Every structure is written in C-alpha cells, then in structure tokens.
Amino acid sequence: MDGILTDVTVGIKRGSDELSGTILSSSNSAMSSVVVTANGSDSKKFKGDDKMIGAPSRVLHIRKLPSEVTETEVIALGLPFGKVTNILMLKGKNQAFLEMASEEAAITMVNYYTAVTPHLRNQPIYIQYSNHKELKTDDALNQRAQAVLQAVTAVQTASTPLAGTTVSESAVTPAQSPVLRVIIDNMYYPVTLDVLYQIFSKFGPVLKIITFTKNNQFQALLQYSDPINAQQAKLALDGQNIYNACCTLRIDFSKLVNLNVKYNNDKSRDYTRPDLPSGDGQSSMDPAIAAAFAKESSLLGTPAGMMSSPYSGGSGFPTSLSFAQTAAVPGSLSPLAMPGRVAMSGVASANHSVLLVSNLNDEMVTPQSLFTLFGVYGDVQRVKILYNKKDSALVQMTDVNQAQLAMSHLNGQKMYGKIIRVTLSKHQTVQLPREGLDDQGLTKDFTNSPLHRFKKPGSKNFQNIFPPSATLHLSNIPPSITEDNLKILFTNTGGKVKGFKFFQDHKMALLQMCSVEEAIQALIDLHNYDLGENHHLRVSFSKSTI
C-alpha cells in the first residue's frame with residue numbers, strides 16, 4: 001500500500017503566522033474570538049456554539065477539533081460534498097480552515113452539518129463560513145497537506161470504467177474499478193456488514209457488499225456505483241481503525257468490476273435488490289465471482305504492522321475513525337455515524353428521507369418537475385413548494401437510500417437556469433394541506449403515481465442509475481418514430497441536439513444534448529411524453545457518449 005494517508009500530521013505549524021498573514025486566537029473557550037488577517041484585514045467573531053454565521057464562502061472555519069486529529073480526517077469532512085482545494089491546520093488552537101472548489105460545495109456542506117452535527121473521534125466539532133474567499137498558505141510549511149490534496153485531486157479527476165463493461169468477471173486496471181477489497185486487521189471486536197456499510201456510505205452510494213473469511217482474516221468486497229467514490233474511500237480510509245487501536249482497515253481495488261450477490265443476509269447484501277432471498281446457510285458469493293476471486297493474487301500482501309495475535313495491543317496502528325465504545329463488552333459496541341454520513345443506520349435513518357431543495361427558479365418550478373427529476377433516483381412520495389419561500393421545496397423519497405442517491409447526484413446541478421442545492425431536511429414527512437385548504441397547487445401527493453421507476457423489485461432501473469449527463473437514454477419508442485422526429489421533439493425543449501444513435505431494434509436510442517443543463521430540462525419535459533401508438537417515452541441519464 002502507498003500509505004499516503006497513514007500519517008499526515010507533519011507540516012502542521014504550531015505557531016500563529018500562517019494564511020500569509022497573522023492568525024490570532026485566544027483560548028478554545030466557548031466565548032473565544034478569532035481574528036484573521038490575510039491580504040488585507042478582516043475579522044470574524046463567534047460566540048457559543050453558533051455554527052453557521054456569516055456570508056457564504058468556499059473557505060470553511062472548523063473549530064473545537066480533537067487535539068490529535070489529522071489532516072486526513074478534516075479533509076474527509078469535505079469529500080462527500082465536492083473537491084477540497086486547500087487546508088490549513090492550526091494544531092495548537094484546535095482549529096482548521098478548509099477550502100472547497102466552489103461556494104456551492106461549501107454551502108451544501110454547511111447546510112448538511114446544520115442538520116447533522118459532525119463528529120471527529122467521538123467529539124462534536126463546529127463548522128462555519130470564513131470571511132476569507134480563498135486560503136493563502138505557505139507551501140513550505142504545508143507540504144504534506146498539499147501532497148494529500150494533490151492525491152485527492154488526482155482521484156477526483158480519474159477516468160471512469162470502460163463503457164459497456166457489465167459482466168461480473170470483466171477485469172480493468174485497479175484504479176478504474178468501483179469494487180474495493182477490504183481486509184480487517186487486528187480484529188479485536190466483531191465487524192458486521194452494517195458497520196462496513198455505515199463507514200463506506202460516507203463516500204457515495206454503496207450498491208453491494210459480500211463478507212467472507214479467507215486465510216483466517218475477515219474480508220469484504222464492496223461495490224460503489226462509481227469508481228471515483230471507491231477511490232475517495234480508499235484514499236481516506238486505508239489504514240484507519242474502526243475502533244480505538246484495533247480493527248484496522250486495509251483497502252485496495254479488486255480486479256472485479258461487478259459483484260453478483262445471491263442472498264441478502266448478514267454475510268452479503270445487494271442494496272439495489274431488496275427482493276433477494278435470505279438463503280440461510282447458503283454461500284453468499286456467486287460461483288463465478290468466487291472462482292475469479294480465488295485466482296487473484298493477494299492485492300495487499302502481508303499488511304504492514306499486522307499482529308500475530310488478533311488480540312495483540314494496538315500500538316503502531318493509525319488513529320481510529322472516531323467510533324465510540326459504548327460498553328465494556330465487544331458484543332455491545334456500536335459505531336457512530338461518521339462525519340458526512342447521509343443515511344444514518346438504525347431507526348433514525350427513517351427520519352432522513354425528506355430532502356430540502358433550495359435556490360430553485362420560483363417562476364418555473366412545479367411539484368411535477370421536481371417529481372420527474374428526483375424520480376430518476378428514487379420513488380418520490382410527496383413534494384411541497386414552500387408557500388412563503390417559493391424558491392425552496394421539500395421532496396419526500398421512499399427511503400433514506402433513495403434520498404442519499406438523489407442528494408449526491410442532484411446537488412449543484414442546474415435546473416431552469418439556477419444551481420439547486422439539495423440537503424437533508426429536519427422534517428420526517430411532507431404534510432399534506434388540510435382538507436378544503438387551497439395551497440395553490442404547491443403540494444402534491446405522488447404516492448400512487450404509475451410513473452415510479454423503482455416500484456418493481458429487481459427492476460433493471462436499479463442497475464441504470466447514473467449522474468446527470470448530457471447524454472440521455474430513450475426507450476419505449478414506437479416503430480413509426482424517426483430520428484428526425486425525436487431530434488425536433490428534443491430541440492423544442494430549448495436546447496440543441498448534438499448527437500443521436502438508435503439501438504438495433506429502434507425501440508431505444510441515445511440522444512446527446514449540448515450540456516447537462518439542457519439534458520435535465522429535456523428529461524423533465526419529455527419523460528412520459530405520449531408518442532402515440534400507446535407508447536409513452538421513457539427518458540433517463542446515460543453513462544455513455546455518442
């Protein structure tokens with residue numbers, strides 16, 4: 001393993017003359033005041049635990065950090081929301097500054113952590129906007145942090161898998177695989193499939209997990225929807241501990257690009273196929289996968305620092321992932337949700353299926369348009385455009401996983417000319433208006449809509465969930481409809497058709513618009529469009545290009 005993130009504490013200056021200027025701070029008390037001077041003079045004061053004050057900025061001020069926290073853990077706070085472009089640690093002051101690539105990413109991060117208090121090493125921390133619009137750091141003093149950020153940048157701009165790769169045993173270069181192989185070293189306490197899901201979901205939608213024991217080691221194969229998410233997870237989690245000084249994660253890429261899970265039980269899970277049987281006592285791994293996996297040489301070799309006894313002491317292992325031990329016996333240990341975790345485990349997860357969508361075009365948006373767009377990522381139950389703030393809406397998904405998918409894919413996208421922001425709402429459900437009350441059509445119940453894409457268990461729609469893209473996948477096209485008919489239809493949505501390609505049977509096609517925004521508009525306008533001959537057009541985003 002490259003070990004790039006196992007120790008990133010060097011280069012943290014303990015003095016007070018960074019940010020190409022001066023950072024002065026009093027104590028870490030609740031009434032502390034921070035004054036920052038950089039390229040001029042500006043100041044910020046905060047009192048108590050008011051976490052989110054000041055005008056939005058892509059630079060975030062993080063305070064009350066645990067004393068031994070690393071850059072790795074601070075960077076991991078921002079990864080789920082976008083690219084992190086700079087970091088400055090104030091080790092002696094228990095504070096840090098984190099710079100995101102865009103103001104939208106920073107706003108999303110702040111909004112999320114308003115609803116869900118972030119924790120590092122089981123300690124609550126506080127995040128607010130900085131007065132600074134960018135960070136200016138002395139590279140000589142911050143070399144290791146810059147190296148980490150460069151690695152993260154390389155991960156976020158890496159290429160996606162080869163188009164059309166679908167079979168389970170297809171092999172690609174390791175950096176392109178969405179499947180991770182995870183080995184748990186020094187396993188003092190049991191690690192369950194749900195614990196792994198809770199940890200790794202922080203970096204993107206986890207589709208499938210298979211756990212097994214090989215060479216007397218607990219291992220897992222874990223598949224993301226996107227290889228970029230897999231690379232981010234590996235970068236942030238490799239070498240980290242689940243519990244204090246034990247249960248160390250050793251992570252590398254598998255040569256497999258797709259897992260075929262046969263059963264949903266405590267050993268394996270396919271989160272896109274809730275209809276799978278439990279198959280008690282049966283092998284969780286598909287035979288083809290097992291055969292391919294058996295032929296793989298060890299990707300990790302002998303993990304560095306591995307103890308000969310599973311109950312050896314934990315000295316020499318990296319810091320833990322901030323999971324608390326809630327009792328003295330292993331069976332009652334319960335890991336806490338990591339910072340950035342969208343879909344919380346346990347009963348509380350049901351409370352996070354409602355999304356708050358803000359910065360909408362209040363003159364154009366309708367409940368139907370939100371239903372159609374968000375319906376690409378889950379079955380929308382209800383939509384409410386807020387009466388006194390019509391640029392904001394509540395969207396209730398069927399469950400927390402669908403809410404997470406919709407938030408991760410749609411936050412920061414353009415809808416009707418405005419960049420929308422999607423965060424978790426504190427509401428548990430969208431309330432319908434009282435009977436007889438006219439709310440001007442701002443609230444709509446879609447519970448029984450025939451347009452839900454994911455109502456049928458095992459539907460192929462579960463396998464075709466992709467981020468918004470300029471290329472659209474069209475299906476249910478009647479024989480009489482020509483290429484020119486479809487081009488004219490999509491041009492009428494206000495965009496320009498850049499490319500078109502029929503599939504062999506002419507029932508499906510790929511159509512490429514000039515931009516993602518144009519494709520989003522076209523999908524909203526034309527999904528379920530009546531083409532005649534009892535055919536309603538089906539439109540979704542494609543991972544392919546023409």
Side-chain angles (χ1 to χ4, degrees), residues 52 56 80-82 102-116 205 340 342-343 349-433 439-447 449 451-454 465-468 516-525 527 540-541:
M52 314 300 176
F81 306 95
S102 66
E103 188 172 292
E104 287 76 20
I107 290 170
T108 303
M109 181 174 170
V110 166
N111 287 345
Y112 175 76
Y113 287 131
T114 302
V116 181
V342 175
S349 64
N351 300 341
H352 291 273
S353 61
V354 179
L355 298 169
L356 172 64
V357 188
S358 56
N359 201 42
L360 292 164
N361 184 329
D362 55 4
E363 296 181 356
M364 300 286 291
V365 71
T366 63
Q368 183 67 44
S369 62
L370 290 170
F371 167 78
T372 303
L373 180 58
F374 281 75
V376 174
Y377 301 103
D379 292 338
V380 177
Q381 301 300 305
R382 294 175 179 177
V383 176
K384 178 190 285 288
I385 296 175
L386 304 186
Y387 186 83
N388 294 320
K389 190 173 173 55
K390 292 186 173 62
D391 67 345
S392 299
L394 297 175
V395 177
Q396 182 177 338
M397 309 298 289
T398 297
D399 58 43
V400 65
N401 293 322
Q402 293 183 2
Q404 179 181 358
L405 276 173
M407 185 171 84
S408 63
H409 285 308
L410 294 177
N411 179 57
Q413 298 292 342
K414 265 193 175 182
M415 179 182 183
Y416 297 129
K418 301 194 73 173
I419 296 175
I420 65 172
R421 298 168 190 145
V422 185
T423 58
L424 293 175
S425 169
K426 295 179 181 178
H427 295 281
Q428 297 182 22
T429 185
V430 171
Q431 297 293 332
L432 296 176
D439 77 336
Q440 303 176 10
L442 297 177
T443 306
K444 191 161 183 180
D445 188 354
F446 295 97
T447 304
S449 172
L451 299 182
H452 286 160
R453 296 177 187 246
F454 306 99
I465 298 174
F466 304 110
V516 175
E517 182 183 3
E518 289 182 4
I520 288 174
Q521 180 67 57
L523 183 144
I524 290 172
D525 290 348
H527 178 63
S540 57
F541 297 113

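As the structure is a prediction and not an experimental result, all values here were calculated from the model.
Residues K390 and Q440 meet the side-chain proximity criterion, which asks for heavy atoms closer than 4.5 Å. Using a 4.5 Å heavy-atom threshold, the side chains of R421 and V357 count as separate. Contact annotation: the side chain of L424 never approaches that of V354 to less than 4.5 Å [non-hydrogen atoms, C-beta and beyond]. The shortest distance between side-chain heavy atoms of R382 and T429 falls below 4.5 Å. Looking only at side-chain heavy atoms (C-beta outward), L386 and L394 come within less than 4.5 Å of each other. The side-chain heavy atoms of I420 and L360, taken from C-beta on, include a pair separated by under 4.5 Å. At least one side-chain heavy atom of T398 sits less than 4.5 Å from a side-chain heavy atom of Q381. Side chains of L370 and V380 form no contact here, defined as non-hydrogen atoms less than 4.5 Å apart.
Checked against side chain to side chain donor-acceptor pair (under 3.5 Å), N361 has no partners two or more places apart in sequence or in another chain. Residues satisfying the salt bridge (charged side-chain N to carboxylate O under 4.0 Å, His left out) criterion with K389, sequence neighbours excluded, are D391. Residues forming a ring pair (Phe, Tyr, Trp, His ring centres under 6.0 Å) with F446 (at least two apart in sequence, or on another chain): F371. Judged as a ring pair (Phe, Tyr, Trp, His ring centres under 6.0 Å), and not counting sequence neighbours, the contacts of F454 are F462.
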Original post:
What's the verdict on side chain to side chain contact (heavy atoms under 4.5 Å, CB included) for L373 and I520, showing C-alpha distance, side-chain angles and the deciding distance?
Top reply: CA-CA 8 Å; L373 180 58; I520 288 174; 4.0 Å; yes
Subject >> Worked check of side chain to side chain donor-acceptor pair (under 3.5 Å) between S353 and Q402 >> reply: CA-CA 7 Å; S353 61; Q402 293 183 2; over 6 Å; no
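A distance of 13.5 Å separates CD in E518 from CG in L523, rounded to the nearest 0.5 Å. Going from atom CG of N111 over to atom OG of S358 covers 6.0 Å, rounded to the nearest 0.5 Å. Residue L355 holds its CG atom at 7.0 Å from CE of M407, rounded to the nearest 0.5 Å.
P367 and V383 get closest at one heavy-atom pair: CA-CG1, 3.8 Å. Across all their heavy atoms, R453 and S540 have their closest contact at NH1-CB, 3.6 Å.
Listed by first then second residue, pairs satisfying side-chain hydrogen bond (donor to acceptor under 3.5 Å, both in side chains) with a partner in residues 363-379 read T366-S369, not counting sequence neighbours.
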Distance-only donor-acceptor pairs under 3.5 Å for side chains of residues 409-416, two or more places apart:
| residue | atom | partner | partner atom | Å |
| --- | --- | --- | --- | --- |
| N411 | OD1 | T108 | OG1 | 3.1 |
| N411 | OD1 | V422 | N | 2.9 |
| N411 | ND2 | T108 | OG1 | 2.7 |

